[in-house]
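Take a look at the structure below.
In each ligand, atom 1 is the first atom listed, and ligand 1 is the first ligand listed.
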Amino acid sequence: MKVRSHITQNEDLLFEMSSPGKKGYQLPALDVPEVDPRAALGAANVRKDIDGFPEVSEVEVIRHFTRLSTWNYAIDLGLYPLGSCTMKYNPRVNELVARLDGLAWAHPYQPESLSQGAMKIIVQLEDALAEISGMDAVTIEPAAGAHGELTGILLIRALLEKRGNPRKKILIPDSAHGTNPATAAIAGYEVENIRSNAAGGIDLEVLAKAMSKDVAGLMVTNPNTLGVFEESIVNAAAIVHAKGGLVYMDGANMNALVGIARPGDFGVDVMHINLHKTFSTPHGGGGPGGGPVAVKKILEPFLPAPRIRRGGRNLKFDYKRSKSIGKVRAFYGNFGVMVRALAYILAHGGEGLRNATVDAVLNANYIRKKLEPYFDLPYKAPNMHEVVFSDDRQAKLGVRTGDIAKRLIDYGFHPYTVSFPLIVHGALMIEPTETESLREIDVFVESMISIAREIETDPQLVLSAPHSTRTSKVDEVTAARKPILRWRPPAAVQG
Ligand SMILES: *Cc1c(COP(=O)(O)O)cnc(C)c1O
C-alpha cells in the first residue's frame, strides 16, 4: 500500500483530495427569492456541469498550495546565480511603499487632479533614470526589456523616416542578448551579425566595414553577455554616427554601470533599462516588469504618448504629440513597478547606488578568481558584474554544463545560466549581484568546487543529478516536443 506523507516532496492533486459536497465557504441562508440561473442568464450562458471539479475545504486548498510553494526556489531562499538576469534581492521597503493605499488603489481613469502624486512619482523616476543614464528624456511605458528594445528601435525608425529614409539593416555583435536580433526583425530590419574580437569586444574594423548608408544603427549589449565592458564603445559610436546611424544600447546589464559610467556620455542615443533587474523590482512569474527607454534629445519628439507635461502648477498628461510612435502599453505602463523602482533609488541615493555597482562587480570577480582554477575561462578580459566559464574541462570527462547545473540543485542553489551566451562553448554564466553576502557566495563557490571534484571521481553521480528533488532529470527533448499539458481525472473521480 502506498503510504501517504507530507515529508517527501509529494502532493496529491486537488482532484484526488476531492470529496463530494465539501466547500471552502459557508453562506447564510438565502433571504431573497431564489432565481433559476437559466431563466436569469439564458440557458446558453449556463454551464451544464463541471466534470470532476474538485470539492475541497479551505484548509485543504491553503495547505496544498503552501506545500507546493515550498518546492519552488526563490530569491528569498538563497542565491539565484542566473547570469544576464540580475536576480537581486528586493528590499521589503519597496513592497511597503507600493502597497500604500493611495498608490495601490490608484485607478488609471482617475482625474488628473486626483493623480498628481502618482504623476509626480512617474516624473521623478523618469528624471532619476535620465540622470543615471546620462540621457535627455525617458519613457516609462514599456513593460519589459524586450518591449523597451522594440520601442527604442521604432524610435530610431521614426527619426530616420522623418529624415527621409528608414534604412534597411541593424548591426548586432555576436555577443548580444538573443532578444536584440528578434527586436530588430520585428521592427522590420534585417540583422547583420558583427563578429567579436578575441577579447570579446566589438571589432572596430569589422564594424567599419559593415557600416553603410543602409544601416539604421548598431544595437549593442553593454556590458555584453560575456560580462565584458565594450572598451571601444566611444569609437564604435563615432563610426556609426559618421554614416548617419544611431546607437542603441541594451541596458539590461546596467547593474554594472550605475553611478560609475553613463551611456549618454559614451555615445549611446537610445537605450532601455530593466527595472526588474537593476532597480530591484520583482522578477519572474511573467511580470509585471518595467523596461523604460532613455533617449537623447533628437529622439524625444517620437516618444510614446502620453507624456507628462511639467512646468505649470499642475502636472498634465499630453496626448497631442504629432511625431509620437503612439502608445506601446495601456495607460502609462506598470505603475506599481515604478513605485518600487523609485523607492529603491531614493533609499540608496547616489552614493548607495554607486556602492551597489561596486559590490556587484566585486562579487562577480571574487567568484571568477575562486573558480578559475576549476573551470575554463575562455575570455580573460576584465569582468564586470558577471562571469562566463566554459565546461571544456568537464566535457572531456563526459559532463556538460547542463549536468553541472542540475547537480547544483542538490547543493540547494538555483542553477546558473546554462549554454548562454552562444559564443562560449558549453557556457556557465554566473551573476551573483551585490545583494549576496560573502558567506552565501562562499557556500556557492564551495558547492561548485565540490561538483568539479565529483566530476573527476564519480562523474555518474553528477550525470544522474538532481537526487534531492521530486522529479529527477527529465528527457528535455521529449518534454519540449511532446508535453503533457492536459490533466485527466483518474477513473474514481471521473465516475
Ligand atoms: C533580460 C535581458 C533582456 C530582456 O529583458 P526582458 O525584461 O526579459 O524582456 C534583454 N537584454 C539583456 C542583456 C537581458 O539580460
Side-chain angles (χ1 to χ4, degrees), residues 75 80-88 90 129 133 139-154 170 172-187 191 194 196 200-202 217-230 233 247-258 263 268 270-294 328-329 333-334 336-338 340-341 357 360 364 383-388 414 416-424 427 429-433:
I75 195 67
Y80 226 111
L82 281 178
S84 196
C85 289
T86 313
M87 302 295 284
K88 57 166 84 174
N90 306 318
L129 294 176
S133 60
T139 171
I140 40 66
E141 232 179 76
H147 195 198
E149 289 174 32
L150 181 60
T151 305
I153 297 298
L154 290 177
I170 297 276
I172 303 183
D174 55 10
S175 64
H177 194 264
T179 48
N180 294 185
T183 292
I186 288 180
V191 173
I194 301 288
S196 296
I202 296 175
L218 170 71
M219 204 174 178
V220 56
T221 304
N222 192 23
N224 64 30
T225 55
L226 294 167
V228 172
F229 185 75
E230 293 289 357
I233 185 73
V247 177
Y248 184 96
M249 188 180 108
D250 178 331
N253 292 334
M254 218 27 215
N255 212 42
L257 300 183
V258 175
V268 171
V270 44
M271 67 178 290
H272 79 267
I273 292 166
N274 291 55
L275 297 184
H276 46 286
K277 292 181 181 172
T278 314
F279 295 100
S280 155
T281 65
H283 189 154
V293 170
V328 297
R329 182 82 174 86
N334 290 326
V337 173
M338 300 169 205
R340 288 170 175 86
T357 306
N383 274 103
M384 301 288 287
H385 65 311
E386 58 194 358
V387 54
V388 185
H414 192 281
Y416 48 78
T417 295
V418 173
S419 304
F420 179 83
L422 300 177
I423 53 171
V424 169
M429 187 193 211
I430 300 168
E431 178 183 2
T433 84

N/O separation below 3.5 Å, N274 to ligand 1 |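 N/O-N/O distance below 3.5 Å exists for this pair.
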- Task: Before signing off on this row, confirm whether A252 and ligand 1 have an N or O atom pair separated by under 3.5 Å.
- Result: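 N/O-N/O distance under 3.5 Å: no.
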Rounded at 0.5 Å granularity, tell me how far OG in S133 sits from NE2 in H272.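 Those atoms lie 12.5 Å apart.
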Closest to atom 2 (C) of ligand 1 by heavy-atom distance, out of K277, M254, H276, is K277
So do [Y] and [X] actually touch side chain to side chain, heavy atoms under 4.5 Å?
X    : Y    : value
F279 : V258 : yes
I170 : Y248 : no
K88  : N255 : yes
H177 : S84  : yes

heavy-atom search around atom 11 (N) of ligand 1 in the protein gives D250 OD2, 2.5 Å
With a cut-off of 4.0 Å, which atoms of ligand 1 are near a heavy atom of [X]?
X    : result
S84  : 1 (C), 13 (C), 14 (C), 15 (O)
T221 : 13 (C)
G145 : 5 (O), 6 (P), 7 (O), 9 (O)
A144 : 7 (O), 9 (O)
A146 : 4 (C), 5 (O), 6 (P), 9 (O)
E149 : 10 (C), 11 (N)

Would you say the side chains of N180 and T221 form a donor-acceptor pair under 3.5 Å? yes
Worksheet item: Is the closest heavy atom of H147 to ligand 1 under 4.0 Å?
Response: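 Checking ligand 1 against H147, which is what was asked, there is no heavy-atom contact under 4.0 Å.
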Which of V387, T417, V424, V418 passes side chain to side chain contact (heavy atoms under 4.5 Å, CB included) with M429? It is T417
Side chain to side chain contact (heavy atoms under 4.5 Å, CB included) test vs P223 passes for just one of E230, E386, M384, namely M384
